[in-house]
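Here's the structure, in structure tokens; my notes come after.
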Amino acid sequence: MAKSGFVSSITRQSEDFPGWYNDVVRKAELADYSPVRGCMIIRPYGYALWESMRDELDRHIKRTGHSNVYFPLFVPRSLLEKEAEHVEGFNPQVAWVTHAGGEELNEWLAIRPTSETLIAEVVKDWVQSYRDLPLLMNLWNNVVRWELRTRLFLRTAEFLWQEAHTFHATEEEAAEEVEIGLEAYRAVAEDWLAIPVVKGRKSENETFPGAVYTHAIEALMRDGKALQAGTSHMLGTNFARAAGIEFLDRDNQRKNPYGTSWGFSTRMVGATIMAHGDDFGLVLPPNVAPLQLVIVPIFRTEEERVAVAGSIDRLERELMDRGAFVPGVAGASDGSSRRPGGLGGSTGDGVPGLGASAAGVRYRVDWREESPGFKFNHWELRGVPFRLEIGPRDVAAGQGVLVKRVDRSKEQVPLDALVSQLPDRLQAYQRDLFQRALDFRAAKTHHVDSYDEFKRVLDAQGGFLMAHWCGDGDCEKRINAETGATIRVIPFDSTQESGRCVLDGARSTRRALFARAY
RNA sequence: CGGGGCGUGGCGCAGCGGCAGCGCACGUGCUUUGGGAGCACGAGGUUGCGGGUUCGAAUCCCGCCGCCCCGACCA
């Protein structure tokens, strides 16, 4: 297939995974570098992916009783420094505003790396009684963490995310809240993005600065490396005490409320790319795919063009009757859906809402003046789940050739039945993609019982290693230094099992999940 | 922040003292169209920035800036 004119090929996954990732992000037009070091420009197709997961998560957040709020971008230095561990953890990554209005500021302003301190400061005025609790807030915003090494979506100096902040009268209730946040992340990752995740607790070394403990979901990428996909923190009373938040409880005692915070970022766009993509580019789960179906007309003569257009017109009418719509994104803003004398598949401006449960199929007809082969590759690179080819032969037979992106299998389908089948086909595709990821993870998850085996398996194929760990932080650091693997989580569902730490042989009661990670 | 590499049309590169070029992409036209089409014509540049050497600098020298890759820290 590598004939002359084959120009925009992408690096093969097996040759150079990071190179493949970069090619996909750039060539599928998800994102670009910016004039500012470490920052990224998210392009329409990439932003549509973020909007889809953002909106789905927002529904979970609201369904569980949280309200969206907004807090400012700037955090006064004195506030950021109120919680000792927190400052220490974040200081190296904070960007400061030192001048404004042409003068040096009396007090530097941090550009928020996260908002715990600012929120605690304000909440102390809002919470007086146990009747004011729980306080369940969420903010969608951007944060800045001055990273030394950045990668598009996975780690950028500025990123978009959601940070939930809640306050509770009791520790038990706060602990439940930590799980509510984590469950929302699991649901979005698995049910929406088709990425299986492992829920668990972070080791002390990996706990959020200022938190009592951190729970997280961990996902496996196709190169065998792990990616933290969302974290939920039990803050205890740490930030409340630092800010002086107190409430009068039922027993007439003044107490500090228990806090939680949890976050989910644009990193998940990177996770979606790396969890499903292949050598042809993106493979998108239908739920997040900005386009679920692309129709490619094929013809030679004017006569054939008219016949094919007639066939596609009928199909479009049927699609529109069922609530289909044509996203104004997808790397074909040049009007690929417009053509003379047809329905016009008006592109409209802006991006339609994605993923509403009753929504119809998101589709586009590619009438651009390019060869069919070019279009096949163009849309495969962009991960569109289904492609329908309609040519003269198909028109004569009243059918089309339906191609599934995930395995590029082709099937001849009667056009009169296709539209009614599409919702089911998309659902099946979503399920199959999740199952494929589950199978992949199962094949890449290994129980290892000695340090030699640990290192051998890690080097041979990466993946998730379930190994006994004594619980000692120094042991963990040494394993990391010697193998590059870290404890991703101590999984909640790992069964009690007596064993011995792979490093020092000390007694252990359960296995931790180790992996090399992003 | 340490090590390495690179800055030349939108992208990828060549040119290494003597007229700034090639491929792709882009525009127009014709022929094409079931797996990245062909031909013709065309448009596009302060060679990262500043200084120096020279009759002459993309090219040699000095300084600066930026970016990428690899390592320690991180959603």
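Reminder, nothing fancy here: chain letters follow the sequence lines and each chain counts from 1.
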Tell me, please, whether [Y] has [X] positioned over its six-membered ring: NZ or CZ under 6.0 Å from the ring centre and within 45 degrees of its axis?
X	Y	value
Arg112(A)	Phe71(A)	no
Arg222(A)	Phe440(A)	yes
Arg77(A)	Trp108(A)	yes
Arg408(A)	Phe280(A)	yes
Arg155(A)	Tyr518(A)	no

Using a 4.0 Å heavy-atom cut-off, does [X] contact any base of the nucleic acid, only the sugar-phosphate backbone, or nothing at all?
X	answer
Ser34(A)	nothing
Pro372(A)	base
Val401(A)	base
Tyr33(A)	sugar-phosphate
Glu370(A)	base
Leu154(A)	base

Can you tell me whether the side chain of [X] and the base of [N] have a donor-acceptor pair closer than 3.5 Å?
X	N	value
Ser265(A)	A75(B)	yes
Lys410(A)	G35(B)	yes
Arg155(A)	C74(B)	yes

Separation between the [atom1] atoms of [N] and [M], rounded to whole Å:
N	M	atom1	answer
G10(B)	G48(B)	P	13 Å
G3(B)	C62(B)	C1'	23 Å
A14(B)	G66(B)	C1'	23 Å
G51(B)	A57(B)	P	13 Å
C24(B)	C67(B)	P	31 Å
G44(B)	C39(B)	P	23 Å
G34(B)	A40(B)	C1'	28 Å
G12(B)	U8(B)	P	8 Å

Atom-pair distance ([atom1] on [X]; [atom2] on [N]), nearest Å:
X	N	atom1	atom2	answer
Tyr518(A)	C74(B)	OH	C1'	16 Å
Phe376(A)	A37(B)	CZ	P	11 Å
Lys477(A)	A72(B)	NZ	C1'	13 Å
Leu152(A)	C69(B)	CG	C1'	14 Å
Phe374(A)	C24(B)	CZ	C1'	12 Å
Trp262(A)	A75(B)	CH2	C1'	15 Å
Glu163(A)	A75(B)	CD	C1'	11 Å
Arg151(A)	C70(B)	CZ	P	7 Å

Suppose we define a pair by two distances each less than 3.5 Å, Watson-Crick or G-U wobble; what does [N] pair with here?
N	result
G9(B)	none
C1(B)	G71(B)
C39(B)	G29(B)
G45(B)	none

Check this one for me: any side-chain N or O of Arg149(A) less than 4.0 Å away from OP1 or OP2 of G71(B)?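 Answer is yes, contact under 4.0 Å.
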
Under-4.0 Å side-chain N/O to phosphate OP1/OP2 contact, Ser371(A) with U33(B):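 Checking U33(B) against Ser371(A), no side-chain N or O comes under 4.0 Å of OP1 or OP2.
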
For Gly38(A) and Phe153(A), find the nucleotide of RNA chain B closest to each by heavy atoms; which residue's nucleotide sits nearer the 5' end?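 The residue closer to the strand's 5' end, by nearest nucleotide, is Gly38(A).
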
Can you work out whether Trp161(A) or Pro18(A) has the more 5'-proximal nearest nucleotide on RNA chain B?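 Its nearest nucleotide lies further toward 5', so the answer is Pro18(A).
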
Hey, can you pull the donor-acceptor pairs under 3.5 Å for the side chains in residues 82-97 of chain A, sequence neighbours left out?
from, atom 1, to, atom 2, distance (Å)
Lys82(A), NZ, Glu121(A), OE1, 3.2
Glu83(A), OE1, Glu85(A), N, 3.1
Glu83(A), OE1, His86(A), N, 2.9
His86(A), ND1, Pro209(A), O, 3.1
Gln93(A), NE2, Glu147(A), OE2, 2.7

What is the minimum heavy-atom distance between Thr272(A) and Met268(A), and which atoms define it?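 Smallest heavy-atom distance, with atoms named: OG1-O, 2.8 Å.
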
Is the Trp140(A) ring parallel, tilted or perpendicular to the Trp50(A) ring (thresholds 30°, 60°)?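 Aromatic pair Trp140(A)/Trp50(A) classed perpendicular.
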
Could you check which of U33(B), G35(B), C74(B) has an atom nearest any side-chain atom of Arg300(A)?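 It is U33(B).
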
Out of A75(B), G35(B), G34(B), whichever nucleotide has its closest atom nearest the side chain of Ile298(A):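 So the side chain of Ile298(A) is nearest to G34(B).
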
Examine the side chains of Asp58(A) and Asn68(A) and answer whether a donor and an acceptor come within less than 3.5 Å of each other.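 Yes, a side-chain donor-acceptor pair sits under 3.5 Å.
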
Under 3.5 Å, is there a donor-acceptor pair between the Glu316(A) and Tyr363(A) side chains?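 Per modelled atom types, Glu316(A) and Tyr363(A) side chains form a pair under 3.5 Å.
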
Quick one, which residues of residues 387-398 of chain A touch RNA chain B with a heavy atom under 4.0 Å?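 Heavy-atom contacts with RNA chain B come from Arg387(A), Glu389(A), Gly391(A), Pro392(A), Arg393(A), Asp394(A).
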
